[in-house]
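What follows is one structure encoded as structure tokens, with my remarks underneath.
Model, not experiment: these values are computed from the prediction.
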Amino acid sequence: MPSRAVSRGPIIGEVSMADNPFATFESLTQAGIIAVIGVAIIISNLLIIVAFLNFKGLSNEVINYYLLSLAVADLLCGVFVVPLSIYPAITGRWMFGDLMCRLVGYLEVTLWSISVYTFMWISVDRYLAVRKPLRYETVQTRTRSQCWMVFTWVSAAMLCCPPLLGYKKDASFDKETLICMLDWGTTYAYTATLAMLILGPSVISIVHNYWYIFAMKRKLNSGVPIHDKEYATALAENLANPSHWMSFVMVTTFWLSWAPYTGIRMYEYFTDQELKMPMLHFGMVWVGILNSFWKVIILVSLSPQFRLALRILCLTACCRSKGRLQAALVELDNDD
């Protein structure tokens, strides 16, 4: 989750943010929205994880391991971050202590960084499938993709840990967004460095890789002759893979989900004027967090392989007999 330069909420331990201890209709509505978002995130990402792990063809495409990494990150957000905002939305104050506030703030930015890095690796994977169609399976192996995911999780956790270890001690609960965040505004040098390390390579890679993919697709569709027939055949097969479009929509949805909140924060920072619209800040932040749910919708809509994995999962759950399951899988394979 993007950090903020200025914190609106008070430091933990100061005066309560709610003068009225009784829940209002607005606070109950916000708590209900947060609860629904949390349940949606948990169920959708559990479905993604279970469907892929149950799918025998998981190793057929390396991109599936990256999708699993995204689903795990989103599931952790739904389990450990979102629920902690439900009760504070009703009471108007953070009651879990300063240490928990710092842990939640650290987890938010770490999981957000993991998602950004993973989208970068997905774009690299799709780029290599088009750039080197004849060598893709030897370049992008199962072991290599798993190593990249381990590296991503470890590096993101280490890059984001200085504030947790005391490099910056302020932690606050924002009464408008109902999220406990670390105050990154007190360490501009570290914040700028972290942003460059995370956003710099990721944004550049994503833009370049998808630009190349769609440029090659236009080139192939325009009928430009390719003298190497083997290369042309492999390129056409890889470009026909729906994973290119699915991953592009997923990446675009992620950035569009956070664009409104980022735009508001940049406007407030450069104009030095705070927008006095609490529900606006609440809505923009939770629209960004809701991105953790949209992935399952995109997969169901644009990924035939994920739809197949879901059907196999349903058959596995419904057919208790091994013989019936095998017969159902044979019938499913014939239908496809």
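Two residues are said to be in side-chain contact when any heavy atoms from C-beta on lie closer than 4.5 Å; Tyr212 and Tyr210 fail this criterion. Side-chain contact check for Leu159 versus Ser113: every heavy-atom pair is 4.5 Å or farther apart. Looking at Phe173 and Ile179, their side chains never come closer than 4.5 Å, going by heavy atoms from C-beta outward. Two residues are said to be in side-chain contact when any heavy atoms from C-beta on lie closer than 4.5 Å; Tyr66 and Tyr117 fail this criterion. Annotation: side chain of Pro201 is in contact with side chain of Met120 (closest heavy-atom distance under 4.5 Å). Proximity of Asp74 to Phe293: side-chain heavy atoms (C-beta onward) are nowhere separated by under 4.5 Å. Counting heavy atoms from C-beta on, the side chains of Tyr136 and Val62 come closer than 4.5 Å. Residues Glu268 and Gln273 fail the side-chain proximity criterion, which asks for heavy atoms closer than 4.5 Å.
Closest heavy-atom contact between Leu275 and His281: O-CE1, 3.1 Å. Counting all heavy atoms, side chain and backbone alike, Pro88 lies closest to Leu178 at O-CD2, 4.5 Å.
The line from CG of Leu75 to OG of Ser44 is 8.5 Å long, rounded to the nearest 0.5 Å. Atom CG of Leu235 is separated from atom CG of Leu134 by 9.0 Å, given to the nearest 0.5 angstrom. Within the model, atoms CG of Asn241 and CE of Met246 stand 8.0 Å from one another, a figure rounded to the nearest 0.5 Å. Atom CG of Leu280 is separated from atom CD1 of Ile264 by 3.5 Å, given to the nearest 0.5 angstrom. To the nearest 0.5 Å, atoms OG (Ser69) and CD (Gln146) are separated by 11.0 Å.
In terms of modelled atom types and a separation under 3.5 Å, the side chain of Lys217 and the main chain of Leu239 share a donor-acceptor contact. Within the 3.5 Å criterion, the main-chain N or O of Ile298 finds no donor-acceptor partner in the side chain of Ser301.
Met266 CE: 12 or fewer foreign heavy atoms inside a 6.0 Å radius. Around atom CZ of Arg135, no more than 12 heavy atoms belonging to other residues, nucleotides or ligands sit under 6.0 Å away. Residue-environment remark: CG (Asn221) exceeds the threshold of 12 foreign heavy atoms within 6.0 Å.
The aromatic rings of Phe306 and Phe52 sit tilted, their planes meeting at an angle between 30° and 60°. Taking the six-membered ring for Trp and thresholds of 30 and 60 degrees, Phe254 and Phe119 have ring planes inclined between 30 and 60 degrees apart. The aromatic rings of Phe282 and Trp286 lie tilted to each other, with the angle between the two planes from 30° to 60°.
Residues Phe96 and Trp94 bring their aromatic ring centres within 6.0 Å.
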